[in-house]
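Before any comments, here is the structure.
Keep in mind that this is a model prediction, so the values were computed, not measured.
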Amino acid sequence: MTWRGRFLLAFVVVVLAAELAARATIAATDAPVLRWHDDATQLKVAQMDERGPVDMVIVGTSMAQQDIVPSVLAAALSDDTETPLSVYNAALNGGVPVVMEPWLLDQVVDRLQPDTVVWGLSALDLSLEYGDATLDAYEQALETKSGVYATADRWASRLSVLMADRRVLRDPDQLVGDGADRNRRRLADARAEVGPDGERQNFTVDTGIRQSQEIARRITPFQLDRDDLAAIVRTVDALRERGIEVVFVELPVPNRFRQLYPGGPDQHDLVNATLTELARELDVEFITPEVTFTDPSFVDFTHLNAESAKSFTESLATSLQN
């Protein structure tokens with residue numbers, strides 16, 4: 001063997017040894033690098049990869065993620081069918097339309113190949129004051145960042161743990177120190193929140209002043225976001241080109257949410273009016289389930305509690321069947 005052959009063989013042996021060591025280390029620490037914009041999204045990607053094709057996908061913000069329960073919807077829609085319907089909730093925290101567009105078209109559809117997309121929409125999907133931070137985080141995440149280097153990184157990371165988790169492997173604190181502990185706690189919190197079908201399960205009650213102020217900031221002033229509206233139109237058109245049906249669903253909010261509008265509670269009527277007109281222009285079915293919820297039905301200013309989410313989902317199923 002020539003010296004070049006010996007060098008190449010030694011190089012291959014070193015690389016393989018490093019790769020095996022990296023796999024063992026990451027498996028032992030349970031602290032993989034965060035390649036998506038948050039841990040919940042990373043968990044949902046793993047769920048989707050494992051699950052494969054489904055009949056129906058739910059999308060939207062965390063409101064849709066918590067308010068529409070896949071198992072309840074599947075059971076209600078499967079009553080009169082021999083084959084149970086499969087439903088997955090691919091909604092994201094902060095998943096406004098400009099985030100849903102790349103997430104749904106680039107990530108969800110190819111993995112789950114749904115026949116129907118149920119898009120839960122609310123004032124937060126339409127407000128100019130909400131969603132920019134999530135979009136920035138999404139566009140900067142390793143798995144969704146654009147550019148030649150990012151594309152090459154994703155390709156190499158699919159082949160090698162050494163490449164995928166190099167940011168953790170080269171930082172001892174991320175392996176055995178406080179950084180590793182923080183990563184594990186963060187991941188544990190996400191695992192506790194994300195249900196088996198992608199649904200959000202955070203029923204912690206929070207109606208305090210800080211939460212009130214945060215939600216108020218998201219709708220003050222309440223102006224329609226043209227970018228989000230345009231993203232909805234583009235996404236519906238792209239889904240239809242793939243033969244996927246789209247249904248809009250208006251998500252409920254408590255009276256305490258309506259009271260936060262700078263123009264008063266009646267300003268919330270703009271949400272229904274906008275969605276009604278948008279659905280008419282796009283020829284999309286628009287559902288506002290006929291079930292009434294009071295403030296105690298919500299754990300905070302936007303998310304239903306577990307019992308109310310079940311009721312809302314059952315009402316949605318009835319509307320879908322009619």
Side-chain angles (χ1 to χ4, degrees), residues 37-38 40-41 57-68 90-108 117-141 144-146 200 211-240 246-254 256-288 300-303:
H37 74 284
D38 66 17
T41 303
V57 164
I58 299 156
V59 298
T61 66
S62 62
M63 291 175 65
Q65 190 180 9
Q66 180 143 312
D67 293 356
I68 305 177
L92 299 177
N93 298 327
V96 295
V98 289
V99 176
M100 277 297 106
E101 181 181 15
W103 166 247
L104 184 55
L105 299 180
D106 299 340
Q107 308 298 334
V108 176
V117 166
V118 175
W119 200 335
L121 294 162
S122 73
L124 298 185
D125 291 275
L126 307 181
S127 177
L128 182 64
E129 300 303 316
Y130 183 59
D132 288 347
T134 304
L135 178 61
D136 289 344
Y138 185 89
E139 291 180 335
Q140 293 303 311
T144 46
K145 192 173 184 177
S146 61
R200 182 178 186 266
Q211 179 72 356
S212 171
Q213 291 172 340
E214 173 59 30
I215 298 300
R217 280 194 291 270
R218 297 177 182 179
I219 56 173
T220 304
F222 187 61
Q223 299 176 359
L224 297 178
D225 192 325
R226 294 181 182 273
D227 290 340
D228 279 317
L229 291 172
I232 292 174
V233 174
R234 289 192 302 268
T235 305
V236 170
D237 288 343
L239 290 171
R240 278 184 169 153
V246 181
V247 177
F248 291 165
V249 178
E250 184 177 7
L251 301 171
V253 294
R256 68 169 73 99
F257 179 96
R258 294 172 179 267
Q259 298 296 329
L260 297 177
Y261 282 97
D266 290 344
Q267 197 168 14
H268 187 73
D269 294 341
L270 180 60
V271 176
N272 181 272
T274 301
L275 293 177
T276 298
E277 179 61 20
L278 187 61
R280 185 192 66 78
E281 292 179 0
L282 295 173
D283 193 23
V284 168
E285 182 180 4
F286 175 44
I287 296 173
T288 301
D300 49 28
F301 290 82
T302 51
H303 303 99

Can Leu224 and Leu128 be said to form a side chain to side chain contact (heavy atoms under 4.5 Å, CB included), step by step? CA-CA 6 Å; Leu224 297 178; Leu128 182 64; over 6 Å; no

If we count only N and O atoms by modelled type, under 3.5 Å, do the side chains of His37 and Thr144 hold a donor and an acceptor together? no

Validation: residues 272-286 side-chain donor-acceptor distances under 3.5 Å, sequence neighbours left out:
from: Asn272; atom 1: OD1; to: Thr276; atom 2: OG1; distance (Å): 3.3
from: Asn272; atom 1: ND2; to: Glu250; atom 2: OE1; distance (Å): 2.7
from: Thr274; atom 1: OG1; to: Leu270; atom 2: O; distance (Å): 2.7
from: Thr276; atom 1: OG1; to: Asn272; atom 2: O; distance (Å): 2.7
from: Glu277; atom 1: OE1; to: Arg280; atom 2: NE; distance (Å): 3.2
from: Glu277; atom 1: OE2; to: Arg280; atom 2: NE; distance (Å): 3.4
from: Glu277; atom 1: OE2; to: Arg280; atom 2: NH2; distance (Å): 2.5

Nearest-0.5 Å distance, CD of residue Gln259 to NE2 of residue His268: 12.0 Å

Any sub-3.5 Å donor-acceptor pair from Arg200's side-chain atoms to Leu92's backbone N or O? no

Sub-4.5 Å side-chain heavy-atom contact between His303 and Met63: yes

Kindly give the heavy-atom pair with the smallest separation between Arg217 and Glu129, and that separation in Å. O-CB, 3.5 Å

From CA spacing to verdict: ring-ring contact (aromatic ring centres under 6.0 Å, His included), Phe222, Tyr261: CA-CA 7 Å; Phe222 187 61; Tyr261 282 97; 5.2 Å; yes

Taking atom OG1 of Thr220 and atom CD of Gln213, what is their separation to the nearest 0.5 Å? 11.0 Å

Mind checking the CG-CD1 spacing from Leu251 to Ile68? Nearest 0.5 Å is all I need. 5.5 Å

Option among Val117, Val59, Leu105 that satisfies the side chain to side chain contact (heavy atoms under 4.5 Å, CB included) test with Thr235: Leu105

Nearest-0.5 Å distance that lies between atom CZ in Phe257 and atom OG in Ser212: 10.5 Å

Apply side-chain hydrogen bond (donor to acceptor under 3.5 Å, both in side chains) to Gln65 and list each qualifying residue two or more places apart in sequence or on a separate chain. none

For a side chain to side chain contact (heavy atoms under 4.5 Å, CB included) check, start with the C-alpha distance between Leu239 and Leu104, then their side-chain angles and the critical distance, and finish with the verdict. CA-CA 9 Å; Leu239 290 171; Leu104 184 55; 3.8 Å; yes

Closest non-hydrogen atom pair between Ala216 and Leu260, with its separation: N-CD1, 4.0 Å

Regarding Glu101 and Arg234, does a basic nitrogen lie under 4.0 Å from an acidic carboxylate oxygen? yes

Any donor-acceptor pair under 3.5 Å from Trp103 side chain to Ala90 backbone: yes

Is a side-chain donor or acceptor of Asp125 paired with a backbone partner of Val96 at a separation under 3.5 angstrom? no

Closest heavy-atom pair and its distance - Pro221, Pro262: CA-CG, 4.2 Å

Checking side chain to side chain contact (heavy atoms under 4.5 Å, CB included) for the pair Tyr138/Val98: CA distance, chi angles, key distance, verdict? CA-CA 10 Å; Tyr138 185 89; Val98 289; over 6 Å; no

If you apply the rule side chain to side chain contact (heavy atoms under 4.5 Å, CB included), what do you find for Leu126 with Asp228, and how did you get there? CA-CA 6 Å; Leu126 307 181; Asp228 279 317; 5.7 Å; no

Only residue of Ile287, Val249, Val57 satisfying side chain to side chain contact (heavy atoms under 4.5 Å, CB included) with Val118 is Val249

Is the backbone N or O of Gly94 less than 3.5 Å from a side-chain atom of Thr61, with the two atoms forming a donor-acceptor pair by type? no

Is there a side-chain contact between Ile219 and Tyr130 in this structure, where contact means two heavy atoms from C-beta onward sitting under 4.5 Å apart? no

